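A, B, ... follow the sequence lines: proteins, then strands. Residue 1 opens every chain. Predicted model, so just to flag it, every value in this text is computed and none were measured.
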2 protein chains.
Amino acid sequence: MNASDKVIGRLSHYRLLLSKLESQGKTFVFSRELAIMADGTSAQVRRDLMVTGYEGNPKQGYNVSDLLDELNKFFNFSRGVNAVLIGTGSLGRALLSYFMPKKSRYNIMAAFDSELSKTGRIIAGTRCCHINELEFELKSLGSVVAILTLPAEAAQTMATRLTNCGIKGILNFAPVRLRVPDDVYVENIDVTMSLEKVAFFANQKSEDREKEV
Amino acid sequence: MNASDKVIGRLSHYRLLLSKLESQGKTFVFSRELAIMADGTSAQVRRDLMVTGYEGNPKQGYNVSDLLDELNKFFNFSRGVNAVLIGTGSLGRALLSYFMPKKSRYNIMAAFDSELSKTGRIIAGTRCCHINELEFELKSLGSVVAILTLPAEAAQTMATRLTNCGIKGILNFAPVRLRVPDDVYVENIDVTMSLEKVAFFANQKSEDREKEV
DNA sequence: AGTTAGCTGTTACAAATTTCACAGCGTTAA
DNA sequence: TTAACGCTGTGAAATTTGTAACAGCTAACT
Ligand SMILES: NC(=O)c1ccc[n+]([C@@H]2O[C@H](COP(=O)([O-])OP(=O)(O)OC[C@H]3O[C@@H](n4cnc5c(N)ncnc54)[C@H](O)[C@@H]3O)[C@@H](O)[C@H]2O)c1
Ligand SMILES: NC(=O)c1ccc[n+]([C@@H]2O[C@H](COP(=O)([O-])OP(=O)(O)OC[C@H]3O[C@@H](n4cnc5c(N)ncnc54)[C@H](O)[C@@H]3O)[C@@H](O)[C@H]2O)c1
C-alpha cells in the first residue's frame, strides 16, 4: 500500500474531525460534510478514504465511530505516537507543554538539551536529559520519532546522530533541509517560510483588488 | 504573473539560502548547488527562478547578490514583513521571542490577547494589547498579515474579525480550517498533523525494512 | 580568434494529484 | 414489494506539478 504524503496528511485531519464529531454525538457523516470541514471536495474525501479500505453506506454516509476506529487502525498508533524532543528552547518548551495534556495519544517520552541549566529536571512533565545521554536513552525507549527544535547549525549533526540510533521519522523545525538515508522520513515545518508565503499572497491579493477597481 | 503556492515556498527558501551564501562571501552559485541545499533538482531550481525574471550566466551560474536582490524585489518586502500576532499563549510568546532579533525583516508590530493579565505590557519587545483594541490598532498599522496562535475554538471568530479589518493573509496555527473570503490567503501550520504524518511514515519505513530481511 | 565545456532557459514530456461523472447500492417511503 | 432518491466507490479525464532534454550562450583556454 502506498499513500502519498498529502493523502496521509488529510487522513490525519479527517481523524481529528471525526473524533470531534464523535464527541458531539454525531453518528453518521457524509463525505461532503467532511469536505467542508477539511476545506476540500467530497470526491477527494471519498478518494482519500479508499486507501483505508473502509466503506461507507450510500444512504447514511460514514459511521463516525467505525471510520474513526478504522483510521486509528490505519495509523497503527495503538499506543499513540511516542516521540523524543531535542532542544528545549522556547519552541521546544512550548511544544512540551502543548503535548503534555495529550499524553495518552502524543507522548513525548524524553527531552534533550546540551545546556546543563536545562537538563536533569522535569519540563512540563517531561524528563529533560543531557544530550550526551541520547544514545543511551534511545536504546530503552524503543521505536520513536524525533522532534527537532534546535538551532539550524546543530540540526544536521543531530539528525545524523538520530538516524544512527535507528530513528525513522523526524519533525524538523530548523530552517535547513536535512540529509538523511532513504529509509528515514523528514517533515519540515518552516515558520519563516510560511510567513513569507502569507505575506507574498496577501500583497498579491491586495494588488489584484486594486486593479479590479 | 501567477506562481503556485509551492513555487513561492521554494523561492522563499532559495532567498534564505542565498542570504546565507552571501554572508559566507560566495559570489556565484549554480542551480545544482542550490538544488542540493534545498533538496530539489537543478531543473526545478531553474524553472522556479524563471518566474522572477532573473537570468543567470551560463558559465558562472547565478550572481548571489543580484539574485538575492531580485528575490527581495520579487517578494516586494521593501520594509520587510509586517505582522500582528493574536494569542500570546506559550506558542505565541515563543514566536514573539523568535522574531524579535529579526525585527528588521519580520516585524511583529503588535500582539493581542483577551486575558487582562497578558495585556498592557511588552512581551519580547512587542506591545501586547487587549483584543478589544484590535480594530482600532489595525487602522493605524496599515497593511499587515496576522499570525493566529489562539485556541481552536476562538480561531474562526477571530479570522472573520481580521478579514473584516481588511487583513489579506493569515498564518494559522490552530487546528481548524478557516473560512475566509476568496481574496484572503490562509496558510495552516498544523503541528499535530505533521507529527502524525511523521509517525505514520516512520512506522511504514520500519515495516518495509523488516520485510526486506 | 576559434574551440570547447558546461551551465542556463525553455520547451516537450512524464508523473502525480485532483476533479468529473456515473453505475450501483441501500435506505426510505408508499 | 417496489420504486425512487441520493450518496458512495471508482475508472477516466483534466489539471497541476515535476523532470528531461537540448539549443544557445558565455567564460576560459589554446
Ligand atoms: N521559537 C520559535 O518560535 C521558532 C519559530 C520558528 C522556527 N524556530 C526554529 O526552531 C529552532 C529552535 O528555536 P528556539 O527559538 O526554540 O531556539 P532556542 O535557542 O530558544 O533553543 C534552542 C535549544 O537548543 C539547545 N541546543 C543547542 N545546541 C544543541 C545541541 N547540539 N544539542 C542539544 N541541544 C542543543 C539550546 O541549548 C537551546 O535550549 C530553531 O532552528 C529555530 O529556527 C523557532
Ligand atoms: N503551544 C504549542 O506548541 C502549539 C503547538 C501546535 C499547535 N498549537 C496551536 O496553537 C494555538 C495556541 O496554542 P498555545 O499552546 O499557545 O495555547 P495557549 O492556551 O497557551 O494560548 C492561547 C492564548 O490565546 C488567548 N486567547 C484565547 N481566546 C482569545 C480570544 N478570543 N482573543 C484573544 N486571545 C485569546 C489566551 O488568553 C491565551 O493566551 C492552539 O490552537 C494550539 O492548538 C500550539
Side-chain angles (χ1 to χ4, degrees), chain A residues 1-14 17-18 21 26-68 70-71 74 177 185 188 193 197 201, chain B residues 1-14 17-18 21 26-68 70-71 74 177 185 187-188 193 197 201 204:
Chain A
M1 189 277 310
N2 47 356
S4 81
D5 202 41
K6 304 198 167 180
V7 173
I8 298 303
R10 288 194 299 263
L11 287 175
S12 161
H13 192 209
Y14 303 149
L17 295 173
L18 287 163
L21 291 174
K26 200 164 159 80
T27 52
F28 282 89
V29 66
F30 293 125
S31 61
R32 198 159 53 81
E33 298 177 281
L34 282 174
I36 288 168
M37 291 186 283
D39 194 22
T41 67
S42 60
Q44 186 167 63
V45 171
R46 295 199 297 277
R47 188 146 278 261
D48 289 341
L49 293 180
M50 276 179 71
V51 315
T52 69
Y54 183 77
E55 300 221 338
N57 175 310
K59 195 65 186 183
Q60 300 169 300
Y62 302 94
N63 180 304
V64 171
S65 301
D66 289 355
L67 179 51
L68 184 54
E70 191 67 37
L71 281 170
F74 178 79
R177 292 298 171 269
Y185 181 84
N188 296 298
M193 195 193 82
K197 266 170 70 173
F201 285 110
Chain B
M1 191 279 307
N2 47 355
S4 81
D5 201 42
K6 306 198 165 183
V7 172
I8 298 304
R10 286 194 298 264
L11 287 175
S12 161
H13 192 208
Y14 302 149
L17 295 172
L18 287 163
L21 290 173
K26 199 164 160 82
T27 51
F28 283 89
V29 67
F30 294 125
S31 60
R32 197 159 53 81
E33 297 177 282
L34 283 173
I36 288 167
M37 291 186 284
D39 195 22
T41 67
S42 60
Q44 186 167 63
V45 170
R46 295 199 299 276
R47 196 68 178 300
D48 290 341
L49 293 180
M50 274 179 72
V51 316
T52 69
Y54 183 77
E55 302 219 339
N57 177 308
K59 198 65 186 180
Q60 300 169 300
Y62 302 94
N63 180 304
V64 171
S65 301
D66 289 355
L67 179 51
L68 183 55
E70 192 66 38
L71 281 170
F74 178 80
R177 292 299 171 266
Y185 182 84
E187 168 95 0
N188 296 296
M193 195 193 83
K197 266 169 72 172
F201 285 110
Q204 194 179 67

Would you indicate whether the side-chain heavy atoms of [Y] and [X] approach each other to under 4.5 Å?
| X | Y | result |
| --- | --- | --- |
| A/Ile36 | A/Glu33 | no |
| A/Leu68 | A/Asn63 | no |
| B/Leu49 | B/Phe74 | no |

Choosing from [options], which nucleotide comes nearest the side chain of [X]?
| X | options | result |
| --- | --- | --- |
| A/Tyr62 | D/dG9, D/dG6, C/dT27 | D/dG9 |
| B/Ala43 | D/dA20, C/dT8, C/dC22 | D/dA20 |
| B/Pro58 | C/dG6, D/dC7, D/dT10 | C/dG6 |

Distance in angstrom units between [X] [atom1] and [N] [atom2], rounded:
| X | N | atom1 | atom2 | value |
| --- | --- | --- | --- | --- |
| A/Glu55 | C/dA23 | CD | P | 19 Å |
| B/Glu70 | C/dG9 | CD | P | 12 Å |
| A/Phe30 | C/dT27 | CZ | C1' | 11 Å |
| B/Asn63 | C/dT8 | CG | P | 13 Å |
| B/Asp48 | C/dG9 | CG | P | 12 Å |
| B/Arg32 | C/dG6 | CZ | P | 11 Å |
| A/Asp5 | D/dT17 | CG | P | 14 Å |
| A/Leu67 | D/dC7 | CG | C1' | 15 Å |

Polar side-chain contact A/Arg47-C/dT18 base: donor and acceptor under 3.5 Å: no
Per the atom types in the model, does the base of D/dC25 pair as donor or acceptor with the side chain of B/Lys59 at under 3.5 Å? no
So which atom in B/Glu70 and which in B/Thr52 form the shortest heavy-atom distance, rounded to 0.1 Å? OE2-O, 3.4 Å
Which atom names give the shortest non-hydrogen contact between A/Ala35 and A/Ser42, and what distance separates them? CB-N, 3.5 Å
Check whether any side-chain N or O of [X] sits under 4.0 Å from OP1 or OP2 of [N], and answer yes or no.
| X | N | answer |
| --- | --- | --- |
| B/Arg46 | C/dT8 | yes |
| B/Thr41 | D/dT19 | yes |
| A/Asn57 | D/dC7 | no |
| A/Arg10 | C/dT18 | yes |

For A/Ser42, which contact category applies under a 4.0 Å heavy-atom criterion: base, sugar-phosphate, or nothing? nothing
Pick base, sugar-phosphate or nothing for A/Phe28, based on heavy-atom distances below 4.0 Å to the nucleic acid. nothing
A/Gly40 or B/Leu49: which one's nearest nucleotide on DNA chain C is closer to the 5' end? B/Leu49
